[in-house]
Amino acid sequence: QRLAMSTVNEIQLPNTVLKQLGDKTYDKRKNAALEVEKIIGQLLKRKETAKVITIITFIKIQFVFNDNPNFRKGGLIALAACAIAISKNEQSVAPFLSDLLPPMLNCFGDQDVQVRFSSCEAMYNVAKVAKHEILLYFNRIFDELSKLCADPDQGVRSVSETLDRLMKDIVTEQPSFDLNAFVPLLSERICAANPYVRQFLVSWIRVLDSVPEVDMLVHLPNYLGGLFKILSDVEEEITHGCSAVLAEFLNEIKQHHEKVDNDAILQTLSAYCSSQDYLSKKTAIEWANEFVILAKDRVIPHIPKLLQSILPCLSKDTTEQDKDLQELAILSNTRFRSLITDVEDLSNFNFDETLLVLSRLLAKGGEPSMCAALKWLKLLRQVMPKEMYKHAEELVCPLLKILENKSSEVLRQGVKLIAAMSTTRDGEEAFEQHSSQFFDNFMTQLVKLFSTNGSLLTHADSSIVRLFCKFLSPQRIYSSLAEIIVVNQVEPAFASTLVQNLNIILLTATELASLRADIMALSTPEACTLFKNLYRCWSYNPMATFSLCLLAQVYDHAADLLLEFGKLDIDIMFLVEVDRLIQLLESPIFTYLRLQLLEPRGSAYLIKCLYGLLMLLPQSTAYNTLRNRLDCIPVISSTLLHLEDENPKPQGHIGMDLDFKELLAHFVSLQNNKFRHSSTQQPFTATATSTIVSKSQERGHTSSEDIDDDDAGRKAINRTHSQPSQMNTN
């Protein structure tokens, strides 16, 4: 300080000026600064630059670094006066900025409000004369302004805004600053939570992006996350400005997408697609949709995380915002699926992570999300069969849960996926064994599921089995189920109930028309083998076995089968099944059988079967229905006798070359085995049986698109369930 005072004495800086610079009155400090400006100007005219530096150093030490705030304010205004004098007498202010600016910048964070105000005012005056030369200190000034914009004092905020506008004008005119050094500072500040700071940052990004010489797009990944975070601000003005900036960047990317780091941007988008904030999430999804078009190959590795965030939006439509997100999610899902289908190289696609995401959606997603996940799995089966079959075991349990879902569309998509996994297309011979193993395993687990949840087989017209027969061959489905029931030797009571319901579906569902036609014709070895397999399984249920024989038109064996019924323990459930069969005989399914009665001499075994049913029934509505039908036979016989041949052709497949003796023995064996097990039934069996008989209408998720509910045979069965015939059992 003594050195500085001696120096000042040497240049004869008036004591009055020194005194006034530290005065508490603004006008005196201002007048003293004007005197300093004159002295500096005179020295520069005499080329005494060293003395100018000495005075500046003295002002810094004696005033700006002084503990007295009035001295600090005087020192700041004096430094600004020095800069003005230099600008008037020198070609450039730049050589002096290293002495002038640091003291001012230090005062930006001063505890005294008026000192902070004066530092901004002084910096404004220096910037005004230094112009683009001040950009050498752009980062320091920007850093301090980002703090002052949130100053608690309104006056300080106001003067900092004035300085901010001047800096923006300077940058716009001649952006000669180090952008690479500035971006890290911006990336650090962009995470601020203060609304004033956020607004300050957004405005600067917008200004810099508008300057042609400044390429903010290249550095976008460094601060893109911060912009998405700002979108969640509560101030509408801030979010609106940020949205506009992001929209401008997206337009630039569409024109110059090769300039940006797509992977880094997609990582940010993947994170904010799961944001809880509506605007952040919506904007991120919109960007993701565009990147599917702009950078296809780059999007593929990010699909798992994008699906995890976007697919749940499909199930939300409570509010208008939810509906907006739902529409965007639908578009995203469509584009992602097309991308996977169109791209030949999927080596960078993370299959395992995608499978995990889709499995979680199957477990916890809403209906539309679950349907989308199932469609994705079906698509992956198409484009990546090797990976799908590698994880086939992991899919069985989730798909079994899908079959218990109450949504008809979820059920439909689930069965379609199972069908896709169970079949192969041309050129997929290498996967035939895998598909067969999956099908066999799944059908085995399906039978176990029926044993624990019997209502699945009867609800809404047994839509599960019918859907399986719609998307897979009904011959394959029924052959597999029959084999599983017989080979695994399931509990007899449950097997009887399961066969009962499968038989009803066989006789009534439109999806099984081809299977019924094969059984009725028995014209191929395959059809005969199928009949025998079904017979062995159907033997668990007497009336199901009998109706199968009627369907196959093996009336002679059906008549033999009726004689065995007399050895069975006839209970109310058995009579209900007979009642149900009578109803079916009056349905369109058995029209061919009723027409065969027009030739009574050739239908002896058929007539015997029908009279046998009549003998089984007590007096009831079903009894009267069948008796009325049989009463027509004498009239038919007497009327058409002269039209018949002397040797009438037997109706049906009478005397067909099938080992009915062995089949009948199998039937008797199973019935005896069932009787032995009746006293030791497992608890779940009674539950399953009770559920199927008494709750056939409890659950309803049959889709009219997939299942025809106008089936007359099915209606007849439903009437039997709801209003069983009145029986006199005395």
Can you list the steps and then say if Val490 with Lys448 is a side chain to side chain contact (heavy atoms under 4.5 Å, CB included)? CA-CA 9 Å; Val490 299; Lys448 292 181 180 179; over 6 Å; no
Do Arg580 and Gln583 pass the side chain to side chain contact (heavy atoms under 4.5 Å, CB included) test, and can you show the C-alpha distance, the side-chain angles, and the key distance before you say yes or no? CA-CA 5 Å; Arg580 186 179 297 127; Gln583 298 284 349; 5.6 Å; no
Step by step, work out the side chain to side chain contact (heavy atoms under 4.5 Å, CB included) result for Ile418 and Ile402. CA-CA 11 Å; Ile418 296 167; Ile402 289 296; over 6 Å; no
Verify side chain to side chain donor-acceptor pair (under 3.5 Å) between Asn503 and Ser547, making sure each step is shown before the conclusion. CA-CA 8 Å; Asn503 185 63; Ser547 61; 2.8 Å; yes
Phe531 vs Asp518, test: side chain to side chain contact (heavy atoms under 4.5 Å, CB included). Steps then yes/no. CA-CA 9 Å; Phe531 170 77; Asp518 287 348; over 6 Å; no
Going through the checks in order, is the side chain to side chain donor-acceptor pair (under 3.5 Å) test met by Glu577 and Asn541? CA-CA 10 Å; Glu577 291 187 51; Asn541 187 288; 3.1 Å; yes
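To the nearest 0.5 Å, atom CG of residue Leu358 and atom CG of residue Leu380 are 6.5 Å apart. One finds the CG atom of Leu593 at 11.5 Å from the CG atom of Leu584 (value rounded to the nearest 0.5 Å). How far CG of Leu307 is from OG of Ser332: 9.5 Å, rounded to the nearest 0.5 Å. For the atom pair His434 NE2 and Met388 CE, the distance stands at 13.5 Å (nearest 0.5 Å). Separation of atoms CE (Met543) and CG (Leu581) is listed at 4.5 Å; rounding is to 0.5 Å. Taking CG of Leu616 as the reference point, atom CG of Leu568 lies at 9.5 Å (rounded to 0.5 Å).
For an aromatic pair to be called close, the ring centres must be under 6.0 Å apart, and Phe574 with Phe565 satisfies this. Checked against the 6.0 Å centroid threshold, Phe546 and His557 do not count as a close aromatic pair.
Between the side chain of Arg381 and the backbone N or O of Ala420, at least one donor-acceptor pair lies under 3.5 Å. Using modelled atom types, no side-chain atom of Arg627 and backbone atom of Leu614 make a donor-acceptor pair closer than 3.5 Å. When atom types are taken as modelled, the side chain of Ser669 and the backbone of Ala665 share no donor-acceptor pair closer than 3.5 angstrom. A side-chain donor-acceptor contact under 3.5 Å links Ser620 to the backbone of Tyr623. Distance alone, capped at 3.5 Å, is enough to place a donor-acceptor pair between the Thr452 side chain and the Leu449 backbone. Put simply, the side chain of Asn405 gets close to the backbone of Ser407: a donor and an acceptor are under 3.5 Å apart. With Arg594 contributing its side chain and Ser587 its backbone, the two residues share a donor-acceptor pair below 3.5 Å. Judged by distance alone, the side chain of Ser479 and the main-chain N or O of Arg476 form no donor-acceptor pair under 3.5 Å. Side-chain atoms of Ser539 do not come within 3.5 Å of backbone N or O of His666 as any donor-acceptor pair. In this structure a side-chain-to-backbone donor-acceptor pair under 3.5 Å is present from Asn628 to Asn624.
A salt bridge is absent between Glu483 and Arg536; no separation between the charged side-chain nitrogens and carboxylate oxygens falls under 4.0 Å. Remark: Glu511 engages Arg466 in a salt bridge, criterion side-chain N to carboxylate O under 4.0 Å. Residues Glu428 and Arg425 are paired through a salt bridge, judged by an N-O separation under 4.0 Å between the basic side chain and the carboxylate.
Between Leu613 and Val578 the shortest side-chain heavy-atom distance falls below 4.5 Å. Residues Leu670 and Pro492 are not in side-chain contact: their nearest non-hydrogen atoms beyond the backbone lie 4.5 Å or more apart. In this structure the side chain of Ile300 reaches within 4.5 angstrom of the side chain of Leu339, judged on heavy atoms. In this structure, the side chains of Ile607 and Leu597 come closer than 4.5 Å at one or more pairs of heavy atoms. Two residues are said to be in side-chain contact when any heavy atoms from C-beta on lie closer than 4.5 Å; Ile340 and Trp376 meet this criterion. Using a 4.5 Å heavy-atom cutoff, the side chains of Phe471 and Thr423 are not in contact. Residues Leu530 and Leu515 form a side-chain contact, since some pair of their non-hydrogen atoms from C-beta on lies under 4.5 Å apart. At least one side-chain heavy atom of Val465 sits less than 4.5 Å from a side-chain heavy atom of Phe450.
Nearest heavy atom pair, residue Met370 against residue Gly365, reads SD-O, 3.3 Å. Contact record, Val447 with Phe494: O-CZ, 3.7 Å, taken as the closest heavy-atom pair. Closest of all the heavy-atom pairs between Pro542 and Phe667 is CA-CE1, 3.7 Å. Of all non-hydrogen atoms in Leu551 and Met520, the two that sit nearest each other are O-CG, 3.2 Å. In terms of heavy-atom proximity, Leu362 sits nearest to Pro398 at CD1-CB, 4.2 Å. Nearest heavy atoms, Leu311 versus Ser369: O-OG, 2.8 Å.
Side-chain atoms of Ser473 and Gln475 include a donor-acceptor pair closer than 3.5 Å. For Gln553 and Gln596, the side-chain atoms include at least one donor-acceptor pair closer than 3.5 Å.
The aromatic rings of Tyr389 and Phe431 sit parallel, their planes meeting at an angle under 30°, below the 60° perpendicular limit. Between Phe351 and Phe349, the angle of the ring planes goes over 60°, which puts this pair in the perpendicular group of the 30/60° scheme.
Within a 6.0 Å radius of CD in Gln433, no more than 12 heavy atoms belonging to other residues, nucleotides or ligands are found. Crowding of Gln489 atom CD: a count of heavy atoms from other residues, nucleotides or ligands under 6.0 Å not exceeding 12.
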